[in-house]
K.L.:
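The structure under discussion is supplied below as structure tokens; questions concerning it will follow.
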Amino acid sequence: MPSRPDDIDPGLLEQELDAYLANCDVVDAAIIATPDGRLRAQQQRGAFEVERAAVMGSSLMALGDTITAELGIGACESVIAESQYGLVLFNHVQGVFVLISVTKSKNGLGALLSWARRTADDIARKHLAGHGVSV
Amino acid sequence: MEPLQISTEGMTEAEGMLLSMILSFASDQLTRAWTVKSNGEHADAVIYDMTNPRAKLAWERNHSLPSPVSVALSEEPMPGVPWVLERPIRTHKVIPFLNDLSARIAQAPSRSESLEYGAPASSSTDSFTDLKTRLTGVASQRLAQVPDLHEVKLIIAGSVAGGKTTAIKTISDIVPIRTDVKASDHVARLKSHTTVAMDYGELSLPDGQKLRLYGTPGQRRYDFMSKILCRGALGLVVLIDNRLKDPLAELEYYNYVFADLINESAMVIGVTHRDEAPEPGLAKYERYLQVFQKPWPVFTVDPRNKSDVMALLDALVTMLEHGRRHHAVETGRY
């Protein structure tokens, strides 16, 4: 029974990301990182350097949490970074992981938001719920 | 003219370092040069720490002798005692004190007159206010020098568990903003949570400015945050955890990561957890920095202790006030 994020088989996480990429055709890369910035799993259609994105994603999510707490508007669920040629979406996965989704489609935000949330929920339900993973 | 010599008894290593640094960095304000001797032999003056029983006994034994002049280092007023240097040691108190002491030594000092500095001794609150006043000066100077700069900030960087978050908490005027998450790697052996973006605190300066205090994450994979945070900073405090396997290599690393900031401003180094890991001692850090011609001041600090953190900032401000960093690098003096 897993007690830490590291106890969860990265292969299982990669399977979830496989399904995510299969279901959501706008997502070009998906990354799972720990909240302290370690890459745990990734799948992608391109050749993105994702190691540093995992670290930066953890910083962004922590900043998001801090900002929303400061404003008293509840827990931060996601952070969106929009660039000239794409979007990056950061989601919490039950506080145990950060899911980072990258798309080069400027019009893909709706699909990305929907499928990223669904993927995060699937990971939480299948691999985290009831397994005593400490957050 | 030969420099006058002063020695110390019972003072902490950090205070001794601070005194040496003040004598060097503010030498242009001294009417006569002073050097710190490692022992009292042939010294012109000896500073005795009144909180140290052995030093206090020595002061009681020697203070009536005409030479060397006995100086009591004390937080409390000492009515009737001719030479009292107020603790904590601060540049603006040490300089006039030593100038008067120089004059008195040159005139074969009469011991009948009372010369007390900082009496009544100021509280640590007063010292903090003094420090903020000096920070206002260097902050205003920086804002005047850099047209596009609208805020001033200090960076507190250093190794994991070095005490960066604690140092900001200790001196910030606001409840610090933190971005710590549960550690999931080897860091968990040192502490449960780790900073992943930054810590943020503020010092409210007397002129209404805010001096922003940014703490960087300690883990190297977050160095990108350090580069973002340090842009335009006034100066750098680096805290090194002495429990690390190779703390000196850690120092070298930060010297490299913050090279640009260090070259354009100043750095001060605080060594933490020396109660658990006394070695390497401060002398080793100093030698190490000398080898690289980076003779920045090094102190032993407990980041939970406000006066320790203030001593770091005081040293940093002293360097910034005197703009002697390049001189220090060139001459190997600080």
Side-chain angles (χ1 to χ4, degrees), chain A residues 2-10 13 31-42 49-73 75-76 79 81 88 90-100 127-128 131-135, chain B residues 151 153 155-162 164-166 168-169 172-202 210 212-231 241 253 257:
Chain A
S3 60
R4 297 181 305 130
D6 281 7
D7 295 336
I8 297 168
D9 180 4
L13 298 174
I31 304 153
I32 293 176
T34 60
D36 60 342
R38 290 183 305 115
L39 179 66
R40 298 290 293 134
Q42 61 142 324
E49 292 288 341
V50 296
E51 191 95 23
R52 279 167 62 76
V55 185
M56 293 172 178
S58 70
S59 297
L60 264 179
M61 286 310 286
L63 282 170
D65 289 335
T66 304
I67 292 165
T68 55
E70 185 79 11
L71 296 172
I73 55 172
C76 176
V79 173
V88 188
F90 305 84
N91 288 79
H92 272 308
V93 184
Q94 206 172 296
V96 179
F97 294 121
V98 175
L99 172 64
I100 304 164
H127 306 293
L128 303 179
H131 286 277
V133 173
S134 56
V135 179
Chain B
E151 63 175 33
K153 59 184 173 184
I155 303 298
I156 301 182
S159 46
V160 171
K164 303 176 291 297
T165 301
T166 304
I168 289 178
K169 184 181 169 193
S172 175
D173 289 330
I174 63 166
V175 177
I177 292 168
R178 299 165 62 167
T179 58
D180 49 354
V181 301
K182 190 160 182 159
S184 71
D185 56 8
H186 66 282
V187 171
R189 290 198 293 270
L190 293 169
K191 55 181 186 173
S192 63
H193 285 69
T194 188
T195 302
V196 297
M198 63 182 189
D199 294 310
Y200 175 78
E202 284 179 1
K210 302 279 186 201
R212 297 162 204 283
L213 306 167
Y214 286 96
T216 66
Q219 298 184 73
R220 292 187 179 184
R221 59 179 175 268
Y222 289 101
D223 282 349
F224 71 95
M225 281 302 301
S226 301
K227 291 183 195 304
I228 293 168
L229 293 174
C230 77
R231 288 175 198 150
D241 183 349
Y253 176 73
V257 169

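Worth knowing before you read on, the calculation uses all heavy atoms, side chains too, and leaves out hydrogens, waters and symmetry mates. Since we're looking at a predicted model, the values are computed, not measured.
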K.L.:
Does A/D65 have any side-chain contact (heavy atoms from CB on, under 4.5 Å) partners at least two apart in sequence or in another chain, and if so, which?
P.N.:
A/C76, A/H92
K.L.:
For B/V196, is it the side chain, the backbone, both, or neither that has a heavy atom closer than 4.5 Å to a heavy atom of chain A?
P.N.:
both
K.L.:
Salt bridge (charged side-chain N to carboxylate O under 4.0 Å, His left out): which pairs involve residues 190-202 of chain B, sequence neighbours left out?
P.N.:
B/E202-B/R212
K.L.:
Any chance the side chains of A/S58 and B/Y222 put a donor and an acceptor closer than 3.5 Å?
P.N.:
yes
K.L.:
What I want to check is whether the side chains of B/R178 and B/T165 have a donor and an acceptor closer together than 3.5 Å.
P.N.:
no
K.L.:
Heavy atoms only, distances under 4.5 angstrom: which of A/L60, A/V55, A/L63 has the most pairs with chain B? Name it, please.
P.N.:
A/V55
K.L.:
Less than 4.5 Å apart, any side-chain heavy atom of A/D36 and any of B/V187?
P.N.:
no
K.L.:
Taking side chain as everything from C-beta outward and backbone as N, CA, C, O, which of these in A/T34 sits under 4.5 Å from a heavy atom of chain B? Side chain, backbone, both or neither.
P.N.:
side chain
K.L.:
Heavy-atom distance under 4.5 Å to chain B: side chain of A/E51, backbone, both or neither?
P.N.:
neither
K.L.:
Please rank A/P35, A/S59, A/A54 by heavy-atom pairs under 4.5 Å with chain B and give me the top one.
P.N.:
A/S59
K.L.:
Contact part of A/M61 toward chain B, heavy-atom cut-off under 4.5 Å: side chain, backbone, both or neither?
P.N.:
neither
